[in-house]
Amino acid sequence: MTAPRVRDLPPAIWALTLARAVNRLGAFTLPFLGVVLTAELGASVTTAGRLLALFGMATIPSRLVGGALADRIGRTPTICAGLVGCAAAQLWLAASHTLGSAAVAVVVLGLFFELYEPPSQAIIADLTDAQARPLAFGLLASAMAAAGVAAGLLASWLGGINLRWLLVADAASCLLCAATVWFVVRAGIHEATGSSAVEAAGAWRDRRLLLMLAAGTGFAILYLQITMALPLTLPARGLPAAQAGILFTVSAVTIVAGQPLLRWRRLRDRSSFEAMTIGYAVLAVGLAANGLATTLPGFIVATLFWSVGDLLLLGHSWSIVSELAPERARGSYLAVFGVSWGIAAVIAPLLGTQLLAHGGPALLWMSLAGAAVLLAAVQPGLARQVRPANASGR
């Protein structure tokens, strides 16, 4: 059988990936939300922190509602509703002149912010078979990672511009993405609609999905620790925190340039769970190397390892969850699995800062490496409990 290739994926997946990447590139205002609230509207740092926490909490029901709507009214209408809602909330925030108005806008933004994630993933699941699905999910994740790094660079470059105009530009990127999805992506897919509330609720009763949710939360905590703890680790090693930007750029380039590795036959012929076992092992090496590194070259070597680990992990979990789901409830299943990121967003900052404060970089990164080894070790057992009938190989 001919191995699937990225370039052979359906045009609708390429269009969706491009649209989402442009939208992610436009999200360079997110790091400045706290600055808008404090510098522009006079909020205290504590108040801004509480509002940002509310934003994060609002993203959890946002994702769940997005999954339910994707199955009830269709993928592309839900994506467009989420993007238009985000644009409206950002314009509302840009026009706010009181803290109360801005606070409501921030919460509304959170309620729309994750609405389009489950339907985006459901489109990929709908358009691919079990063999090509990890590749397609990996393409979307890689594009989003690269666009995220570029967004960070844009944020640092444009930080001196009036922040309200940056919110307007971000809203425009949301509307551009919505137009692409509505006029281009929608033409290339067949909408799966009509799921009942009973089918959607069944996701929470599927033991296999809940096991995947637990494992996915472990991965999300590790992933977020890298983005949160690395900038804190560098000063502890006598290096400027700003060099984290270099490392994240190296990571994005590694993930994009490493795509051909996924077509290597020794990896291609393995099941998703076997590939994830290897991915977690490589990730553990990179995390441990972060704990040992003391120079920028040392951190770059560590980054290469944990980025390859991420590359090997990208897409497999989403692919497995897609196969577990009934076709009419894919959006709901993917939404429930995606809650792992909301849980991790609460746990990761607390865990990372406590480990760093009590044991320094060595304790932090060695603990994370140990967690990655544990996740690698549980994959064979997880496979026996979860594996869909047609998931024996890539």
Side chains of L247 and L234 in contact at under 4.5 Å (non-hydrogen atoms): yes

Student check: side-chain heavy atoms of L230 and F299 closer than 4.5 Å: yes

Non-hydrogen side-chain atoms of L99 and T47 separated by less than 4.5 Å: yes

Side chain T59, main chain G110, donor-acceptor under 3.5 Å: no

Point-to-point distance, once rounded to the nearest 0.5 Å, from OH of Y280 to CG of L374: 10.0 Å

CE/M57: more than 12 non-hydrogen atoms of other groups inside 6.0 Å: no

Check against side-chain contact (heavy atoms from CB on, under 4.5 Å), W204 and L209: CA-CA 8 Å; W204 288 104; L209 176 60; over 6 Å; no

Inter-residue atom distance S317.OG - F273.CZ, 0.5 Å rounding: 7.5 Å

Distance-only side-chain donor-acceptor flag, T98 / S101, under 3.5 Å: no

Euclidean distance, L334 CG relative to E117 CD, rounded to 0.5 Å: 10.5 Å

Heavy-atom side-chain contact between I320 and M276 under 4.5 Å: yes

Flag, side chain of S340 to backbone of F337, donor-acceptor distance under 3.5 Å: yes

Nearest heavy atoms of S96 and L41, plus distance in Å: O-CD2, 3.7 Å

Side-chain donor/acceptor of R75 to backbone N/O of P119, under 3.5 Å: no

Distance-minimising heavy-atom pair for W365 and T233: NE1-OG1, 2.9 Å

Side-chain touch V321/Q121, heavy atoms, less than 4.5 angstrom: no

Exercise: do R20 and S120 side chains pair donor with acceptor under 3.5 Å: yes

Sidechain-backbone polar pair: R164 side chain, A94 backbone, donor-acceptor under 3.5 Å: yes

Inter-residue atom distance L364.CG - H358.NE2, 0.5 Å rounding: 13.0 Å

Co-membership, hydrophobic cluster, residues L18 and L176, 4.5 Å side-chain: yes

Connected via hydrophobic side-chain network under 4.5 Å: V373 and F219: no

CZ/F305: more than 12 non-hydrogen atoms of other groups inside 6.0 Å: no

V107 versus A58, closest heavy-atom pair with distance: O-CB, 3.9 Å

In one Ile/Leu/Val/Met/Phe/Trp/Tyr side-chain cluster, 4.5 Å: I343, L351: yes

Straight-line distance of L175 CG to Q90 CD, nearest 0.5 Å: 9.0 Å

Main-chain N/O of T128 paired with R133 side-chain donor or acceptor, under 3.5 Å: yes

Working for side-chain contact (heavy atoms from CB on, under 4.5 Å), residues L9 and T17: CA-CA 11 Å; L9 292 172; T17 300; over 6 Å; no

Flag side-chain contact, heavy atom, 4.5 Å: W318 against P134: no

Test side-chain contact (heavy atoms from CB on, under 4.5 Å) applied to L283 and L368, step by step: CA-CA 10 Å; L283 178 63; L368 297 178; over 6 Å; no

Exercise: identify the closest heavy-atom pair between A241 and P235: CB-CG, 3.9 Å

Joint hydrophobic cluster, V168 plus V84, side-chain heavy atoms closer than 4.5 Å: no

Check: S332 main-chain N/O paired with D71 side-chain donor or acceptor under 3.5 Å: yes

Closest heavy-atom pair and its distance - G298, A293: C-CB, 3.7 Å

Q379 side chain vs L375 backbone, donor-acceptor pair below 3.5 Å: yes

ILVMFWY cluster, V184 and L83 together (side-chain gap under 4.5 Å): no

Point-to-point distance, once rounded to the nearest 0.5 Å, from CZ of R208 to CD of E323: 10.5 Å

Verdict with supporting geometry, C86 and F113, side-chain contact (heavy atoms from CB on, under 4.5 Å): CA-CA 6 Å; C86 283; F113 195 73; 4.3 Å; yes

Over all atoms of both residues, closest heavy-atom pair of L115 and A81: CD2-C, 4.2 Å

Within-4.5 Å side-chain heavy-atom neighbours: L109 and V106: no

Side chain proximity check, L292 to M366, heavy atoms < 4.5 angstrom: yes

The single option from P118, P326, S322 passing side-chain contact (heavy atoms from CB on, under 4.5 Å) against Y333: P326

